[in-house]
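Letters go in sequence order (proteins before strands), and every chain restarts at 1.
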Amino acid sequence: MTEGLVVWVMLAPLLGAVTALLGKLLRPLQRPLSILGTASLAVPAVILTLLLGPVMSGESLRYALGGWPEPYGISLVLDGISWFSCAITTVIAAAVALFSLGRRRYEAGYFFFLLIMVAGMYGVALTGDLFTLFVSFEVVAVTVYVLIAWEETDTGLAASYKYLILSTVGILFFLFGIFLVYRDLGVLSISLISRALAEAGGVRNTRFMHLALAFLCGGIGVRTAFIPFHTWLPEAHAYAPHPISAMLSGAMIKVSFFALVRVVLEFGGTYLFELLMWIGAVTALAAVLSALAQSDVKRLLAYHSISQLGYVLAVFGAGSALALTASFSHALNHALFKSLLFLTVGAAVSFTGHRNIHRIPPLGRTMPLFSAAFFAGALSISGIPPFNGFASKGLITTGMEGSAAYPLLWVTSFLTIASFIKLSRIFLPGPRRAGTTPSSGNSNQGSVPGILQTSVVTVLAILCLGTGMFGGSMAHGLYRIIHGTAPDAIPRLFSAKKLLGVLPAVLLGTAAFVGVSTQWGRQIAGRIRRMAPELRTVLLFFFVGLLVFAVVAY
Amino acid sequence: MKKTTILDLVSRKLAPFMLLFGLYLLSYGHMSPGGGFQGGVVIASGVILLFVAQGVGTTASLFPFRTLSLVEAAAFLLLLAAGLAGLAAGAGFLGNPMAGVDVRAVPRVSMILVYNVLIGLKVGAGISFVCMYLFREGR
């Protein structure tokens with residue numbers, strides 16, 4: 001019976017998409033049908049809550065589509081990793097869909113694509129075989145192409161096109177990896193591949209499987225956006241409509257990351273951990289440097305998504321059971337605070353019609369609740385207690401104890417603080433006079449966000465605070481979800497040593513902010529901004545990245 | 001654009017046969033080469049031939065924009081319904097609801113036929129729709 005529920009996680013958003021599509025055809029019913037489509041996200045939420053018990057006790061639920069068992073048919077697998085992946089998708093998708101409902105300009109067609117994208121993301125999370133994983137990745141990608149260009153701005157269309165080209169190249173890597181696996185092992189189901197590889201004595205004892213693993217990692221890497229596969233992300237996330245940016249940064253790259261975790265673990269690719277850790281740490285540092293140099297608010301946030309994903313990847317590479325928990329917990333926290341940041345900053349952008357940090361007037365008095373929510377997100381990403389960034393960064397510190405890559409992450413943490421000091425000026429309370437309302441005559445200017453949008457960001461901000469305050473028990477629960485057993489010990493999060501450790505980071509962060517604000521700092525920032533690689537350089541990056549994976553896998 | 005009589009005549013004579021062949025591929029996909037996707041693409045190629053040779057305006061009176069989009073949406077809905085029928089019959093999502101029925105009364109293969117026809121309609125309508133949109137934009 002419980003197995004039968006698994007398929008409804010994927011079916012519900014599909015049915016919701018159908019209702020939204022009907023809303024597109026029957027114009028007068030557009031609004032109620034969009035709401036009904038969004039409501040379909042409640043079904044996965046309920047099912048996932050019901051299935052939490054079995055998952056926590058380490059069961060993995062399998063559902064064979066059409067009653068065809070594993071080597072022939074498609075099966076859905078719900079275990080700890082996929083439960084967690086689905087849960088993140090559900091939370092962020094619900095927040096984003098409700099936020100979009102608050103703006104009348106998003107019609108039923110938009111909800112159709114959004115819900116199909118969510119169904120695809122559930123597919124990525126739940127699938128038990130590589131080929132369905134490929135199909136689900138493509139379902140997500142096709143809807144994302146449309147959604148990035150939804151507002152039909154020039155930048156949005158260009159970003160969508162760039163993403164189309166690069167993600168297609170990436171998914172071709174993935175497809176080639178699948179081809180190699182199928183050619184040599186004759187199965188596509190991940191659990192059967194895992195068994196076949198174990199019988200053959202590991203990836204390294206086979207002739208081509210290490211190459212297949214490298215291709216699969218490279219292919220998913222393009223979706224997950226770590227260096228050197230990250231180049232599409234800043235544009236795609238910055239120029240998409242604001243709720244879509246939140247969805248992409250909050251959930252989509254996480255879901256691909258979990259697929260990567262599954263592939264690496266099931267292939268027995270533990271010897272890739274060292275590489276992943278270094279890639280993660282370098283990604284975190286390089287992306288935060290680029291972020292600090294940006295003056296476009298949404299591009300700044302987009303670079304931070306890459307940087308925070310670097311943390312997640314680095315600590316995954318540390319390899320211990322606790323490190324995996326730390327990695328997943330940071331993924332969850334990043335999903336919460338980054339979608340919150342994109343929604344609040346996006347609201348500021350559509351309110352004022354400017355994207356440049358220095359041109360947005362301080363909005364603290366115009367949008368007080370949004371400002372408060374923004375600061376909750378900014379404090380979270382900076383790792384200030386008691387917000388959730390502090391909790392998961394504390395876990396990361398423990399997870400990466402004694403690793404040579406940790407100093408890079410430590411530098412990243414204070415540069416993150418610096419760039420959020422820079423960003424927070426747009427939400428500071430401005431001078432108390434008429435000047436706080438944006439200058440009239442600007443046609444792009446929007447209205448103050450409505451009650452639905454305000455409540456969505458408030459709930460997200462409260463979640464950021466809550467997951468921070470109860471970080472210890474969150475980590476405890478997460479450990480049980482992922483590993484199916486209770487942990488021996490979760491380190492104390494709010495110890496005096498860790499609390500004091502925040503202080504130098506804040507001081508260094510402020511110093512770095514002051515450094516960037518000087519003439520010299522601005523020159524360097526401008527130079528970094530202009531370093532955007534061309535398309536063929538990007539493709540070269542892809543191949544270099546692939547080669548590195550192949551060499552290390554060998 | 002200059003158009004010759006040959007193109008005009010041939011396209012009008014050929015297109016109905018292409019549509020017919022597409023329908024044939026749909027309906028015999030379960031026992032001979034063909035199937036939903038292939039049949040749908042052949043149907044769409046017939047429609048596209050008409051677009052190219054006769055112009056969008058003329059063809060759109062035969063295959064109106066709204067009808068194509070309705071067919072596509074309805075096919076999507078019916079596909080999901082067909083999948084759910086399997087769930088209702090206890091065979092699981094996308095399972096064959098005929099599995100428990102006496103073979104002499106209703107052939108079990110009929111479910112494949114249903115899927116093929118629905119997929120064919122969806123693919124045919126979808127591809128024609130995309131091309132029609134592109135041609136219309138180009139003008």
Heavy-atom contact with chain B under 4.5 Å, split by part of [X]:
{"X": "A:L21", "result": "side chain"}
{"X": "A:W68", "result": "neither"}
{"X": "A:L15", "result": "both"}

Quiz prompt | Pair A:Y110, A:S34: side-chain N/O donor-acceptor within cut-off below 3.5 Å | solution = no
Practice problem: Indicate whether any N or O donor in one side chain lies under 3.5 Å from an N or O acceptor in the other, for A:S75 and A:E70. | Solution: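 Their side chains do contain a donor-acceptor pair, which is all the 3.5 Å distance test asks for.
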Exercise. Would you indicate whether A:R183, at its atom CZ, is surrounded by more than 12 heavy atoms from other residues, nucleotides or ligands within a distance under 6.0 Å?
Key: yes
Self-check item: Flag if over 12 foreign heavy atoms under 6.0 Å of CZ, B:F37
Solution: no
Quiz item: Is it the backbone or the side chain of B:L84 that comes under 4.5 Å from a heavy atom of chain A, or both, or neither?
Solution: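 Just its side chain gets close to chain A.
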